[in-house]
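Structure, as structure tokens:
In this text the structure is predicted, and so the values were computed from the model without any measurement.
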Amino acid sequence: MTDFNALGLKPRLVARLTELGIETPTPIQTQAIPHALAGRDVMGLAQTGTGKTAAFGLPLIHALSKIGNKPQPKQAHGLVLAPTRELAKQIADTLREYTKGAHLKVTLVVGGVSINRQIQNLRNGTDLLVATPGRLIDLLDRRAVGLGDTRFLVLDEADQMLDMGFIHALRQIAPLLPDTRQTMLFSATMPKLMAELSAQFLRDPERIEVSRPGMTADKVSQSVHYVQKGDKFALLKDLLATHKDELSLVFARTKFGAERMMKQLNAAGFDAGSIHGNKSQGQRDRALKAFRDGKIKILVATDVAARGIDIPGVGYVYNYELPEVAENYVHRIGRTARAGAAGRAVAFCSSDEMALMAAIQKIIKTPLEVAGGTEWAFEAAQSKGKPRRNSGRPNHRRRGRGFKKAA
């Protein structure tokens, strides 16, 4: 199958895709859409930036357009759940592009903005509700929305929802939907808890895997600098100065650290913004827009944004601080090399982060090019306690301890 016509989508929807310049489906779309159109539950595993939104969004729109009746007040025919505000907004914006002229209402509900306005927007019902789990629970508690008529459920970036502790919210939401619903679950990785989630939400799903879980995008060039923690900022400035005209995304581990780094970069003469949990939704939206429009060239972010930034022009992703959860490395660097473009991912690794780097290497099963410094080594966690040189397979048990600089 080489085009959307062959997948079985409505001609009007295919024509809309053509208007948007989208003519060739990606592998996840080619494999998932026919099963979704046939009414099957789908579990899709694919790396970030491969077109998962269209993989579930297009068959969802196709099915909703065939219902033929408007939703009842405070009801939604379809529900898409996403872990972060940014990702939910991105999904809603994309679905609105696809549904233009189709008379389908797409409603977004996320935290950080007025819940009263969202209650008003839901009063007459909606064809498709895109939500974060926490805000949806708030609206359900206020009886501002019901899910009794919801025929379609999508869980996007389900592994991130598990990481963020939304499993309890999902267990609250699931019983409120009809047993006869169609469910699609999409994720970039497959942690063990996902099997439990799949068994609870999906019925005999069609499993589609277009890339090994944890595999990073083929067109992302990955490298690492082994650098002392105190020298990281100077190195970052030097590297950013070599490509001032390109968009760069810098990941920090904490909200405070992200905001401080943004201010330091501005003081050093760089145009930088920040996005993290201490920012209001309006501030986050403005920062993303400025970054997308090129008004600022650097965006400093925490992992809250790792799955919600879909900006094709991001040329560089800097892992200034390595993530505590190794899978988040995959999602971070997936913010570059979008839509088939090439990108570069640069990691900074200090001596106390070698266990984190080892976990990343284990997940991606690909050695990172050493772009600077000398690889750190640490003592083996063995009964004899004798130090050894790093063999490239660091011992995960000695996290953050016993490091020495390799000769």
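- Atom CG of D3 and atom CD1 of I22 lie 14.0 Å apart (nearest 0.5 Å).
- Within 6.0 Å of CD in Q72 there are 12 or fewer heavy atoms belonging to other residues, nucleotides or ligands.
- Residues D127 and H77 meet the side-chain proximity criterion, which asks for heavy atoms closer than 4.5 Å.
- Listed by chain and number, the residues in a side-chain hydrogen bond (donor to acceptor under 3.5 Å, both in side chains) with T126 are T107 (sequence neighbours excluded).
- Between the Q75 side chain and the D149 main chain, a donor and an acceptor come within less than 3.5 Å of each other.
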Next on the checklist: Could you walk me through whether E97 and R16 satisfy the side-chain contact (heavy atoms from CB on, under 4.5 Å) test, starting with their C-alpha distance in whole Å, then the side-chain angles of each, then the deciding distance to 0.1 Å, before giving a yes or no?
Outcome noted: CA-CA 8 Å; E97 284 291 313; R16 178 58 186 154; 3.3 Å; yes
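- In this structure, the side chains of M161 and I167 stay at 4.5 Å or more apart for every pair of heavy atoms.
- No donor-acceptor pair closer than 3.5 Å links the side chain of S274 to the backbone N or O of V300.
- Heavy atoms only, all atoms of each residue included: D303 and R332 are closest at OD1-NE, 2.7 Å.
- Listed for the R40 side chain is a donor-acceptor partner under 3.5 Å among the backbone atoms of D204.
- Distance CG/L136 to CG/L129: 6.0 Å, rounded to 0.5 Å.
- Relative to the six-membered ring of F270, K297 misses at least one condition, a distance below 6.0 Å or an angle of at most 45° to the axis.
- Ring orientation note: the planes of H243 and Y318 are close to parallel, at an angle under 30° on the 30°/60° scale.
- For F152, there are no ring pair (Phe, Tyr, Trp, His ring centres under 6.0 Å) partners, not counting sequence neighbours.
- Between the OH atom of Y316 and the CD atom of E246 there is a distance of 5.0 Å, given to the nearest 0.5 Å.
- What you find for I119 and A144 is that their closest heavy atoms are CG1-CB, 3.7 Å.
- Within 6.0 Å of CG in N69 there are more than 12 heavy atoms belonging to other residues, nucleotides or ligands.
- Counted by atom type alone, S114 and N116 present zero donor-acceptor pairs between their side chains at under 3.5 Å.
- Annotation: the span from L170 atom CG to F201 atom CZ amounts to 4.5 Å, rounded to 0.5 Å.
- Atom CD1 of I333 and atom CG of L368 lie 7.5 Å apart (nearest 0.5 Å).
- Here the side chain of Y329 pairs no donor or acceptor atom with the backbone of M357 at under 3.5 angstrom.
- Side-chain contact between E259 and K279: present, with at least one pair of heavy atoms (C-beta onward) separated by less than 4.5 Å.
- Taking both residues in full, the closest heavy atoms of A287 and L299 are given as CB-CD1, 4.2 Å, listed atom of the first, atom of the second, then distance.
- At most 12 heavy atoms of other shown residues, nucleotides or ligands fall within 6.0 angstrom of atom CZ in R142.
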Next on the checklist: The test is side-chain contact (heavy atoms from CB on, under 4.5 Å); show your working for L239 and F348 and say whether it passes.
Outcome noted: CA-CA 12 Å; L239 294 176; F348 292 0; 3.8 Å; yes
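- In this structure, R85 contributes its side chain and D285 its backbone to no donor-acceptor pair below 3.5 Å.
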Next on the checklist: Set out, in order, the CA-CA distance, both residues' side-chain angles and the distance that settles side-chain contact (heavy atoms from CB on, under 4.5 Å) for K10 and K66, then state yes or no.
Outcome noted: CA-CA 10 Å; K10 282 192 168 187; K66 294 172 61 177; 3.7 Å; yes
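- For the side chain to side chain contact (heavy atoms under 4.5 Å, CB included) with C349, the qualifying choice from L356, V370, L322 is L322, the only one to do so.
- With respect to I298, the side chain to side chain contact (heavy atoms under 4.5 Å, CB included) criterion is satisfied by exactly one of L240, N266, L249: L240.
- Judged by distance alone, the side chain of R344 and the main-chain N or O of S223 form no donor-acceptor pair under 3.5 Å.
- At least one side-chain heavy atom of Q228 sits less than 4.5 Å from a side-chain heavy atom of S351.
- Between K229 and E321 there is no salt bridge, since no side-chain N of the basic residue sits under 4.0 Å from a carboxylate O of the acidic one.
- With contacts defined as side-chain heavy-atom distances shorter than 4.5 Å, the pair R181/T150 does not qualify.
- Salt-bridge annotation for D271 and K295: absent, with no side-chain N of the basic residue lying under 4.0 Å from a carboxylate O of the acidic one.
- When atom types are taken as modelled, the side chain of R151 and the backbone of Q182 share no donor-acceptor pair closer than 3.5 angstrom.
- Closest approach of N328 and P323 over heavy atoms only: CB-CB, 3.9 Å.
- Taking the side chain as every heavy atom from C-beta outward, E353 and I360 never approach each other to under 4.5 Å.
- Within the 3.5 Å criterion, the main-chain N or O of L202 finds no donor-acceptor partner in the side chain of D41.
- When every heavy atom of G78 is checked against every heavy atom of L64, the shortest pair comes out as N-CD2, 4.2 Å.
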Next on the checklist: As a quick check of understanding, evaluate side-chain contact (heavy atoms from CB on, under 4.5 Å) for L58 and L17, giving each step before the final call.
Outcome noted: CA-CA 10 Å; L58 295 176; L17 294 174; 3.8 Å; yes
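- In this structure, the separation between CD on Q29 and CD1 on I208 is 11.5 Å, given to the nearest 0.5 Å.
- L128 and L95 make their closest contact through CD2-CD1, 3.4 Å (heavy atoms, listed as atom of the first residue, atom of the second, distance).
- D156 places no side-chain N or O within donor-acceptor distance of the main-chain N or O of A82, the cut-off being under 3.5 Å.
- For K52 (side chain) and I28 (main-chain N/O), no donor-acceptor pair under 3.5 Å exists by modelled atom type.
- A 4.5 Å side-chain heavy-atom check between Y98 and L104 finds every atom pair outside the cut-off.
- The residues K89 and E86 are annotated as not salt-bridged, no charged nitrogen and carboxylate oxygen being separated by less than 4.0 angstrom.
- No side-chain heavy atom of L153 sits less than 4.5 Å from a side-chain heavy atom of I173.
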